[in-house]
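Letters A, B, ... are given to chains in the order of the sequence lines, protein chains preceding strands, and every chain is numbered from 1. Values in this document were obtained by computation on a predicted structure and should not be read as measured data.
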Protein chains: 2
Amino acid sequence: MTQLDLDPTNTRAADDTAAEPARLGRKRDHSRDADILDAAVDVLAEEGYDGMTIDMVAARAKAGKATLYRRWASKGELVIDAVACMKKDDLDLDRLPDTGTLRGDLIGMIKPRTLEEAEKKLQVMAGLMSVLARSPELSDAISQAIIEPRAEVNRILLRRAIERGEIAADCDVDTIALISPSMAAYRTLVLKKPVDREFLVSMIDGVILPAVGIRP
Amino acid sequence: MTQLDLDPTNTRAADDTAAEPARLGRKRDHSRDADILDAAVDVLAEEGYDGMTIDMVAARAKAGKATLYRRWASKGELVIDAVACMKKDDLDLDRLPDTGTLRGDLIGMIKPRTLEEAEKKLQVMAGLMSVLARSPELSDAISQAIIEPRAEVNRILLRRAIERGEIAADCDVDTIALISPSMAAYRTLVLKKPVDREFLVSMIDGVILPAVGIRP
DNA sequence: GATATCCGAAACTGGGCAGTACCGTATATA
DNA sequence: TATATACGGTACTGCCCAGTTTCGGATATC
C-alpha cells in the first residue's frame, strides 16, 4: 500500500489560512469541498483506504482529478479531512433525551437516522483499520469523528444517572460507556449482522443495565 | 487494491489431494509450508493485506518467490491458508479450567501466552478488515481462526455455570460470550491500549458477572 | 549415473495508481 | 476588455507489485 504522506513540510495545498494578498483571477469554489469530501467518504466506506483511488473520488464528485490536487496535497490529506468531516452529521450533545431514567435515555438514543450514520461510519473505520497503526493523525481523526461522540453520549447519560442516585457512584462509567459502541462494531464488521433496535434493546436490558446494578 | 482471486476454476497450485501417479524427481518439501505460512501471518499482522507483498513473505521465510507460487495459486489463496493456520496454536477445548465457579473459570483463562496470541490475531484481523466485505471465504477463515474459538470457550464456561445452577438458565449466553472478545478487539485496535490481566479482570467483575446476575 | 523435479535467486512483463502537466473553457478582478 | 486563475478532462510519468520465466544447483527416483 502507499504511504500516508505525513511530512509536515508538505503543506496542505488547500491551506488558505495564510493572509490572502488579494489574488486576482477566478476564485476557488469552496462550495465543492463538501461534495468532494462526501464522495471520498462514500468511496472509503465501499473500497477501504487502499482500494480507494483519486479517480474514483473525482468521478463520484463529478470533479477533475486536478481539482482535488489543487485542494489537498495528497491522498492521505484528503482522507484525513474526509474522516474529520464525518463528525458534522453527528449527535447533538445539547439535545440528548432526558426521560428521568437511564433506560429511557438509552432507548431514546435509538433512532433510525442515527443507526444508518453509525453503520456507514463503521464501514469507513473498517476500511481504514490497516492504516490506523501507521498514522497517528488519521487515528485521531477516526477517534474524534467516529468513536468518541458515541462514547461521550453514553458517559453523559451515565453520569446523570449517578447524580440522580439511580445507579452507584462508583461504577466504571468509562468502561460501561464503551460496551455498546464496541459490541456494535463487532456485530457489524465481524458478524455482519444489522445493528437494529432489537439488538440495542437487548444490549441495554441484558448487559448495560445489569452491569450498573439495575435489575429488570 | 488487488482483487482476491476467488475464481473456483483457478485450482490451488498446492492441491496435492488428487491421487499422486507416483511422480518421479525431487519431492516438494512440505516442511517449509509452515515456515511460509508463519511468515505470511507475521507480515499480515505488520502490514495488512494490501501492504503485504509476496516478496516480503518470501524474504522472511528465506524462500524463493517461485516456491510460493508453486504451492499457492495466488496471494489470496496464501492469505486464506495463512489465516486458517493461525487456528492451530489455539485454546484447547478439552483442557479448560474447571474451578467450580464461573469467576474462577474466567480468571483461569487469563494466561500471558494466550494474551500474546490474541493480540497478534487481532492485528491480523485489522489488516484484513477492508477485504472482509469482499471475500466470504476469507471472512469464514477469520471467523473460524480468530473469533469463534474465543467465543466458544466463553459459551462453554457459561453453560457449565447454568448447569451448576450458579447463574440463571435464561441468560443470553451467545451475547454475553461476545462481550470480552469484542471489548478486547476495540481496546487493542481503536484505543491502542494493552489487553492485560487488569483489564480483563475488571471486565469480568464489572460487566460479565453483573450481566449474568452475580453481584460481587 | 541419467532424469525429473525441486530449490533460491533474479530478471522480466503487464497493469494499476499517485501525482503532474497541459488543454480548452469559464469566471473573477482590474 | 485584458489578465489571472479555477474548472473538467485527458494524457503522461514513474513507481510498485502480482505473477511468470529462467537460471544454476540440489535431491530424489529409476
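Taking atom CZ on B:Arg60 and atom P on C:dG8, their separation rounds to 17 Å, with Å as the unit. Remark: P of D:dC16 and CE of B:Met52 are 19 Å apart, rounded to the nearest angstrom. Going from atom CZ of A:Arg28 over to atom C1' of C:dT29 covers 17 Å, rounded to whole Å. One can place CE of B:Met56 at 15 Å from P of D:dG19, the figure rounded to the nearest angstrom. Following rounding to the nearest Å, A:Lys75 (NZ) and C:dT20 (P) show an atom-to-atom distance of 15 Å. One atom, NE2 of A:His30, and another, P of D:dT5, lie 15 Å apart when rounded to the nearest Å. Between the P atom of D:dT10 and the CD1 atom of A:Ile54 lies a distance of 18 Å, rounded to the nearest Å. The distance between atom CG of A:Leu68 and atom C1' of C:dC17, rounded to the nearest whole Å, is 14 Å.
Cation-pi geometry between A:Lys75 and A:Tyr69 is not met: the NZ or CZ atom fails to fall both under 6.0 Å from the ring centre and inside 45° of the normal. For the pair A:Lys193 and A:Tyr186, the cation-pi test (distance below 6.0 Å, angle within 45°) is failed.
Between the side chains of B:Ser180 and B:Asn154, at least one donor-acceptor pair of N or O atoms lies under 3.5 Å. No hydrogens or angles considered: nothing links the side chains of A:Thr53 and A:Asp55 as a donor-acceptor pair under 3.5 Å.
Side-chain proximity of A:Tyr69 to C:dA18, C:dG8, D:dA18: nearest is C:dA18. Here D:dC17 is the nucleotide among D:dC17, C:dC6, D:dG8 with the atom lying nearest to any side-chain atom of B:Thr53. Across C:dC7, D:dT29, D:dG8, the shortest atom-to-atom separation from the side chain of B:Lys27 is found for D:dT29. Out of D:dT27, D:dA6, C:dG8, the shortest distance to the side chain of A:Arg26 is found at D:dA6.
A close approach under 4.0 Å does occur between a side-chain nitrogen or oxygen of B:Arg70 and OP1 or OP2 of C:dC7.
Among the protein residues, B:Lys65 comes within range of the nucleic acid bases, having at least one heavy atom under 4.0 Å from a base atom. Using a 4.0 Å heavy-atom criterion, one finds that A:Asp29 contacts the sugar-phosphate atoms exclusively. At the heavy-atom level, A:Ala66 lies under 4.0 Å from base atoms of the strands shown.
For B:Glu77 and B:Arg71, the salt-bridge test fails: no basic side-chain N is under 4.0 Å from an acidic carboxylate O.
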